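In this text, all values refer to a predicted model and were calculated from it rather than measured experimentally.
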Amino acid sequence: MTEYVIREVGSRQWLVFADRRCIAFCANENEAVKAMNGHSARTRLARDEIAPQPLQEAISPQSGAAFQTHGTQELAAVPDG
């Protein structure tokens with residue numbers, strides 16, 4: 001889980017940190033909250049995109065060969081016999 005900190009560093013100057021790394025410099029607190037929420041959503045989306053997809057088996061209608069699909073990759077299996 002990412003730890004977020006919003007810190008006022010001067011008049012109209014806000015810094016947003018994610019896990020102790022500065023991710024945004026904002027003019028007001030509302031912009032800082034938006035930056036934090038945007039970063040959180042992008043991080044969550046990226047994490048969901050790289051999560052492993054379950055393997056599915058399908059039969060190719062043209063050849064009758066079995067295929068295992070994983071995300072966008074297809075691995076052909078040579079039928080026995």
Should V5 and F25 be counted in the same cluster of Ile, Leu, Val, Met, Phe, Trp and Tyr side chains packed under 4.5 Å apart?
->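 Yes: a chain of side-chain contacts under 4.5 Å links V5 to F25.
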Does W14 share a hydrophobic cluster with I23, counting links as ILVMFWY side-chain heavy atoms below 4.5 Å and allowing steps through other members?
->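 Linked, W14 and I23 end up in one cluster.
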Would you check if the side chain of Y4 reaches a backbone N or O of V33 as a donor-acceptor pair within less than 3.5 Å?
->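 A pair under 3.5 Å: no.
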Answer yes or no: is there a donor N or O on one side and an acceptor on the other, between the side chain of D19 and the main chain of E3, under 3.5 Å?
->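 Yes; at least one donor-acceptor contact below 3.5 Å.
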L15 and C22: which non-hydrogen atoms are nearest, and at how many Å?
->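 The pair with the smallest heavy-atom distance is CD2-SG, 3.9 Å.
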Nearest atoms (heavy-atom pairs only) where C26 meets V16 |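 Minimum heavy-atom contact is SG-CG2, 4.3 Å.
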From E31 CD over to R12 CZ, what is the distance, rounded to the nearest 0.5 angstrom?
->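 Separation between the atoms: 11.0 Å.
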Nearest-0.5 Å distance, CD of residue E8 to CD of residue Q13 =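 Taking CD in E8 and CD in Q13, the distance rounds to 9.0 Å.
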Kindly determine whether M36 and I6 satisfy side-chain contact (heavy atoms from CB on, under 4.5 Å), including the steps that lead there.
-> CA-CA 8 Å; M36 178 187 71; I6 299 174; 4.3 Å; yes
